[in-house]
Amino acid sequence: MSFLSLTIFKHTNLLFIRSFMIMLLSFIAIQLNLCFSNIQSSLTTIDVNGHFSFTNNEFAAKDYGNQYQFLPQAVLHPKSVSDIAITVRHVWELGPSSELTIAARGHGHSIQGQAQAHHGVVINMESLKTPKMHFQTGDELPYVDVSGGELWINILHESLKYGLTPKSWTDYLHLTVGGTLSNAGISGQAFRHGPQISNVHQLEVVTGKGEVVTCSAQQNADLFSGVLGGLGQYGIITRARISLEPAAQMVKWIRVLYSDFSTFTRDQEQLISSENTFDYIEGLVIVNRTGLLNNWRSSFNPKDDDQASQFKSEGRTLFCLELAKNFNPDKIAETNEEIESMLSMLNYIPSTLFMTEVTYVEFLDRVHTAEIKLQEKGLWDVPHPWLNLLVPRSNIHKFADGVFGNILVDTSNGPVLVYPVNKSKWNNMTSAVLPDEDIFYLVAFLSQANPLSTGKDGLEHILGLNKRILDFCEEGQLGVKQYLPHYTTQDEWRVHFGQRWETFRRRKLAYDPLAILAPGQRIFQKGVLDL
Ligand code: FAD
């Protein structure tokens, strides 16, 4: 073949390949479009009280973590429980050959896309306003019935009208009931009341087959236990009955510092085991934060201003015990005495006692106050590569030695929480996965990343630190469990669940056998859940 004909041949070949590729891509695009428009038209045949949206659904592909964006094909804005049930049943009836999945989205405050559904249907739970909050007040065991899409902050405001309040909280209240009950809901009250999943009497759930089921410890108990901490795998929580108690009006909010981790944890553990103790017990690690006490002064009063101003943190690793005592103004004298007596048993650095007095709502909604300030500076909607761990008591010192001041050399990227809880306050039938000890610590690395940075405050660097912390736990066999867990393979999930995996899987086969629900958790994949 001459050079010219070879060139023409090559050229023709290239043209052919190019045309073929274009045709193939167009074909795929047409098929996808056809598929999307088929699904779209199939969803529009469903008779709902609310509505589906097929455009402007970008919000459903975002979450607080700001790292994963999976666009759904449709968002259901339900007005009734039956809207949710009909939609799930419709997808159930499409059978295993359809790849369509469904994610309930609470307030979208997950970190790694857990409330997203790639090309699936997202249910915007905040649109579900039924049932209207209904309070049972006269009884010895007051409770409120709420929609699964209700925000905890709204429940707080409504309950206070009856002089009541839920018992167990998260640090931030602009989260939905369904979202936190799918995990656990842990905060400084959990040592006494257990997590939020220990404070629910009854649920109404739409299963993966589209059935509406009422469940409690007495009725459909297996589903009830499974859904609590169940990462959205067994059903969509449409109603929850939340346990209440009488509310206080005010809160004494206290911070003290320690330089020794053993003294800090000894005091924390003593406090969570005492009968007469504070109403909220948490803790923070402070690594290399010079000038921190000056920041506190804007909202806290040092007990002794002179001594406090002489205290220098200067690069040291410090541990802050955070406490709160609820009270009513007519009992202020007794409250002060009680606090004094409880503080006298502790071994913090005396010059570092800071205290303030706020309303009950101001205390519980404290993170929202910080949110408003961060929103104003454009620092709220940044990536949040959080890592939450549950560390068994027997290994918390090994963990602290290896991580604080070593892997983690400063805490300027966000707060690091450390506080113990009593496992006896958790129901071991739920799906929540916990370390195997009576006391374990929540250790939360709540970092925010600068989206423009490639340095120490950048996403890659912080994700690298998280990985080093996880590797350290694994290599040391510390028995640590992830809270708000994130894994990418089923093998990792099996290890996470350990002996509980078989129960977790059995429940999936019973309540969502096609693996339609909560695909963003990446535990099961639709169509490959074998019996
Ligand atoms: P989403 O992110 O919308 O959903 C979370 C998961 O639950 C998804 O898999 C979703 O599909 C599923 N889901 C949502 N609604 C339902 C439903 N009705 N039925 C079934 N499944 C559903 N957690 C704590 O325990 N303690 C804390 O102190 C704490 N503080 C936090 C502070 C901030 C600022 C943030 C952003 C989060 C905090 N969290 C805390 C974590 C929080 O509890 C979880 O991320 C929770 O899932 C968020 O609730 P959401 O309503 O935004 O849920």
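Just follow the structure's listing: the first ligand is 1, and inside any ligand the first atom is 1.
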Out of all atoms in ligand 1, which are within 4.0 Å of some heavy atom of [X]? Include the element for each.
X      : result
Gly232 : 21 (N)
Ile186 : 24 (C), 25 (O), 26 (N), 27 (C), 28 (O)
Gly106 : 1 (P), 3 (O), 14 (C), 15 (N), 51 (O)
Gln114 : 8 (C), 9 (O), 11 (O)
Arg105 : 3 (O)
Gly235 : 20 (C)
Asp171 : 27 (C), 28 (O)
Gly185 : 25 (O)

Closest non-hydrogen protein atom to [atom], residue and atom name please, with distance?
atom                    : result
atom 22 (C) of ligand 1 : Ser182 OG, 3.6 Å
atom 13 (N) of ligand 1 : Ala104 O, 3.7 Å
atom 39 (N) of ligand 1 : Leu175 CD1, 4.0 Å
atom 19 (N) of ligand 1 : Ile237 N, 2.8 Å
atom 6 (C) of ligand 1  : Gln521 NE2, 4.0 Å
atom 25 (O) of ligand 1 : Tyr483 OH, 2.6 Å
atom 2 (O) of ligand 1  : Ser110 OG, 2.6 Å
atom 49 (O) of ligand 1 : Gly179 CA, 3.7 Å

Test item: side-chain donor near acceptor, Asn427 and Ser198, under 3.5 Å: no
Thr238 versus Glu204, side-chain donor and acceptor atoms under 3.5 Å: yes
N or O pair under 3.5 Å between Thr170 and ligand 1: no
Polar atom proximity, Leu484 to ligand 1 (N or O, under 3.5 Å): no
Please work out whether any backbone atom (N, CA, C, O) or any side-chain heavy atom from C-beta onward of [X] is under 4.0 Å from ligand 1, and answer side chain, backbone, both or neither.
X      : result
Asn183 : side chain
Trp169 : neither
His384 : neither
Leu517 : neither
Trp386 : side chain
Met125 : side chain

Ser187 to ligand 1, any heavy atom closer than 4.0 Å: no
Criterion ring pair (Phe, Tyr, Trp, His ring centres under 6.0 Å) on Phe363 and Tyr280, from CA distance to verdict: CA-CA 11 Å; Phe363 176 71; Tyr280 161 101; 4.9 Å; yes
Parallel, tilted or perpendicular: ring planes of Tyr487 versus His496, cut at 30 and 60 degrees: tilted
Distance flag, aromatic centroids of Trp253 and Phe300, threshold under 6.0 Å: yes
Trp386/Tyr64 under ring pair (Phe, Tyr, Trp, His ring centres under 6.0 Å): CA gap, chis, key distance, verdict: CA-CA 10 Å; Trp386 284 12; Tyr64 185 74; 5.2 Å; yes
Derivation and outcome, ring pair (Phe, Tyr, Trp, His ring centres under 6.0 Å), residues Tyr258 and Phe264: CA-CA 6 Å; Tyr258 295 74; Phe264 167 69; 5.6 Å; yes
Closest contact, heavy atoms only, Leu181 versus Ile197: O-CG2, 3.3 Å
Qualifying residue, where the test is side-chain contact (heavy atoms from CB on, under 4.5 Å) with Pro519 and the options are Thr101, Ile102, Leu100: Thr101
Residues Asp222 and Arg507 bridged, charged N to O under 4.0 Å: yes
Salt bridge Arg241-Asp145, side-chain N to carboxylate O under 4.0 Å: yes
Stacked cation flag Arg522 on Tyr68, 6.0 angstrom / 45 deg: yes
From CA spacing to verdict: ring pair (Phe, Tyr, Trp, His ring centres under 6.0 Å), Trp501, Phe524: CA-CA 12 Å; Trp501 172 252; Phe524 301 102; 5.6 Å; yes
